[in-house]
Amino acid sequence: MKRKAHPAQASATQLQLPLGPQEAAHDLSYYIGLGKVFATYHKRWPTAEATRDEFRAARVHDYDGQRIDRELRFPAPPLEADPAYRALRERCLADGLGDGVTLATLDPRYRTVLSDHAIAALFASLVLPRPDSPGAVRYATGVPAHGPGELSLHVGDAIRTQALGLADLDPGDVRIFAAGFPVRVQAEAELTDLIDRVGICGPAVVDHLADDYLLQAGDDGRLFLMCRVHAGRRYAGSFDSERLARRLAAVYGADPVLAGLRASAPPELPPVPSLPAAPAPDSNEELREQLAALEPDGHVLNLPIQDLSRLADIRRLLEQAGGVFDTQRQRFDFDDATDPALVVERLLSGGAP
């Protein structure tokens with residue numbers, strides 16, 4: 001009678017088909033494949049807490065979440081040389097994930113990004129919000145409310161400055177710089193699908209999309225989806241910053257509000273008042289400045305809220321003048337015959353305590 005094959009032996013060849021031999025050099029696609037096999041069986045992406053029994057149930061042997069997480073964070077030479085791994089690690093570090101690539105970052109919800117076509121369609125829909133009609137719904141700032149599927153796009157200062165220059169507008173004019181800030185785009189189906197997959201604030205509601213989300217186009221050519229409710233952001237793709245600057249310049253050049261500001265002279269601003277220089281550390285001027293910060297109240301001198309670097313010197317002078325320092329209440333107590341305000345005035349004028 002033919003011996004029945006052991007289940008582990010039968011499943012080993014099944015694992016080798018989609019993922020390759022286990023003793024071969026492992027690249028990023030190998031670990032993504034492990035996650036897909038796990039997710040197919042358990043209907044969820046594995047985490048670092050996934051046990052060996054859970055992986056064995058999905059017919060992935062000799063693995064658990066901690067082992068995969070460790071091999072990703074401390075890659076072997078073949079994995080470290082994989083261009084896909086290096087690109088994902090750079091993105092993780094740019095997103096503030098100090099551990100680099102982990103099992104959580106292999107989750108398709110994190111790895112999903114917009115296509116170049118979708119990003120180009122977003123930038124093609126660039127508009128500046130202007131109150132077109134008296135009956136338009138506005139926010140408290142006077143800016144028209146977002147329409148269905150409309151999102152705010154925060155453009156980096158360097159890109160915006162370059163676009164204003166290309167449109168023959170003065171970036172140094174604060175009126176022009178402020179008028180060119182609120183840029184909006186129209187969300188397409190691919191972006192709403194991305195929002196549904198990453199699930200930062202829940203599924204996308206097209207009529208109220210701007211209440212939960214906004215987009216950020218950085219000067220480094222990286223596009224992020226940001227949530228207004230929760231802290232954090234999701235990488236949404238990369239773009240050509242020069243191309244975005246040219247597109248934004250075309251929008252600026254066709255805007256009548258910016259054209260009117262360009263034709264008018266900027267208002268004259270009052271001169272900036274000059275502030276006195278701070279006294280040098282350990283100088284007599286510093287001691288007098290901190291001594292004058294004490295607040296007299298009857299026969300008491302209260303310390304200010306801020307820390308005093310010359311407190312030891314102030315305490316020595318005031319104790320010589322008859323004051324008693326109350327550490328708990330942070331003040332100096334004087335007897336009824338002594339006026340603390342006169343003591344401070346005498347010290348500030350250079351007199352003896």
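Since the structure is predicted, the reported quantities are computational estimates derived from the model, not experimental observations.
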For [X] against [Y], the heavy-atom pair lying closest together:
{"X": "G165", "Y": "P171", "result": "N-CG, 4.3 Å"}
{"X": "G65", "Y": "F55", "result": "N-CE1, 3.5 Å"}
{"X": "A163", "Y": "A249", "result": "O-CB, 3.4 Å"}
{"X": "Q186", "Y": "P148", "result": "NE2-O, 2.8 Å"}
{"X": "A236", "Y": "L194", "result": "CB-CD2, 4.0 Å"}
{"X": "A187", "Y": "L151", "result": "CB-CD1, 4.4 Å"}

May I have all residue pairs that pass ring pair (Phe, Tyr, Trp, His ring centres under 6.0 Å) and include part of residues 65-93, sequence neighbours excluded?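 Residue pairs with at least one partner in residues 65-93: there are none.
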Kindly state each residue pair satisfying ring pair (Phe, Tyr, Trp, His ring centres under 6.0 Å) with at least one member in residues 290-331, sequence neighbours excluded.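 Only F325-F332 qualify under ring pair (Phe, Tyr, Trp, His ring centres under 6.0 Å).
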Rounded distance (nearest 0.5 Å) linking atom [atom1] of [X] with atom [atom2] of [Y]:
{"X": "L223", "Y": "S241", "atom1": "CG", "atom2": "OG", "answer": "12.5 Å"}
{"X": "L166", "Y": "E242", "atom1": "CG", "atom2": "CD", "answer": "8.0 Å"}
{"X": "E188", "Y": "I119", "atom1": "CD", "atom2": "CD1", "answer": "12.5 Å"}
{"X": "R175", "Y": "L258", "atom1": "CZ", "atom2": "CG", "answer": "10.5 Å"}
{"X": "L291", "Y": "L318", "atom1": "CG", "atom2": "CG", "answer": "6.0 Å"}

Donor-acceptor under 3.5 Å ([X] side chain, [Y] main chain):
{"X": "Q290", "Y": "S309", "value": "yes"}
{"X": "T192", "Y": "A189", "value": "yes"}
{"X": "D69", "Y": "T102", "value": "no"}
{"X": "N302", "Y": "P296", "value": "no"}
{"X": "Q330", "Y": "T327", "value": "yes"}
{"X": "S349", "Y": "E345", "value": "yes"}
{"X": "T105", "Y": "V101", "value": "no"}
{"X": "R73", "Y": "D99", "value": "no"}

Common cluster, [X]/[Y], ILVMFWY with side-chain heavy-atom separation under 4.5 Å:
{"X": "V251", "Y": "F239", "result": "yes"}
{"X": "L225", "Y": "L126", "result": "yes"}
{"X": "L169", "Y": "L128", "result": "yes"}
{"X": "L311", "Y": "V344", "result": "yes"}
{"X": "L261", "Y": "V174", "result": "no"}

Take a 6.0 Å sphere around CG of D335 and say whether it holds more than 12 heavy atoms from other residues, nucleotides or ligands.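 Yes, enclosed.
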Is it the case that over 12 heavy atoms from other parts of the model lie below 6.0 angstrom from the CD atom of E285?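 Counting other residues, nucleotides and ligands, CD of E285 exceeds 12 neighbours.
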Side-chain heavy atoms of [X] within contact of [Y], under 4.5 Å:
{"X": "Q66", "Y": "E49", "result": "no"}
{"X": "L28", "Y": "L88", "result": "yes"}
{"X": "R56", "Y": "Y63", "result": "no"}
{"X": "L153", "Y": "L214", "result": "no"}
{"X": "D240", "Y": "L244", "result": "no"}
{"X": "Y213", "Y": "M226", "result": "no"}
{"X": "L79", "Y": "L72", "result": "yes"}
{"X": "W45", "Y": "L103", "result": "yes"}

Would L215 and F224 satisfy side chain to side chain contact (heavy atoms under 4.5 Å, CB included), going step by step from the backbone distance to the final call? CA-CA 6 Å; L215 293 170; F224 289 94; over 6 Å; no
Ion pair [X]/[Y], N-O distance below 4.0 Å:
{"X": "R67", "Y": "D64", "answer": "no"}
{"X": "E295", "Y": "R331", "answer": "no"}
{"X": "R310", "Y": "E286", "answer": "yes"}
{"X": "R44", "Y": "E54", "answer": "yes"}

One pair to check against side-chain hydrogen bond (donor to acceptor under 3.5 Å, both in side chains): S29 and D27. What are the steps and the verdict? CA-CA 6 Å; S29 61; D27 57 5; 2.8 Å; yes
All pairs passing salt bridge (Lys or Arg N to Asp or Glu O under 4.0 Å) where residues 153-167 contributes a residue, at least two apart: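 Passing the test, one end in residues 153-167: D157-R160.
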Any salt bridge (Lys or Arg N to Asp or Glu O under 4.0 Å) pairs touching residues 114-128, not counting sequence neighbours?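 Found none.
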Take E71 and I68 through the test side chain to side chain contact (heavy atoms under 4.5 Å, CB included) and record every step on the way to the result. CA-CA 5 Å; E71 292 182 5; I68 297 178; 5.8 Å; no
Among L294, D326, D333, find the one that has a side chain to side chain contact (heavy atoms under 4.5 Å, CB included) with V300.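 That would be D333; it is the only one of L294, D326, D333 passing the side chain to side chain contact (heavy atoms under 4.5 Å, CB included) with V300.
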Out of R86, R70, E80, which residue meets the side chain to side chain contact (heavy atoms under 4.5 Å, CB included) rule with P75?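 One option only clears the test, and that one is E80.
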Trace of the side chain to side chain contact (heavy atoms under 4.5 Å, CB included) decision for L248 with L164: CA-CA 8 Å; L248 197 55; L164 290 171; over 6 Å; no
Quick one: list whatever passes side-chain hydrogen bond (donor to acceptor under 3.5 Å, both in side chains) with S152, sequence neighbours left out.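 Partners of S152 under the side-chain hydrogen bond (donor to acceptor under 3.5 Å, both in side chains) test: H146.
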Please determine whether side chain to side chain contact (heavy atoms under 4.5 Å, CB included) holds for the pair L317 and L287, giving the CA-CA distance in whole Å, both sets of side-chain angles, and the decisive distance to 0.1 Å. CA-CA 11 Å; L317 292 174; L287 177 60; 4.1 Å; yes
Could you tell me how the ring of Y30 sits relative to the ring of H26: parallel (under 30°), tilted (30 to 60°) or perpendicular (over 60°)?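 Correct class here is parallel.
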Ring pair (Phe, Tyr, Trp, His ring centres under 6.0 Å) involving Y252 - partner list, sequence neighbours excluded: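 Expected list: none.
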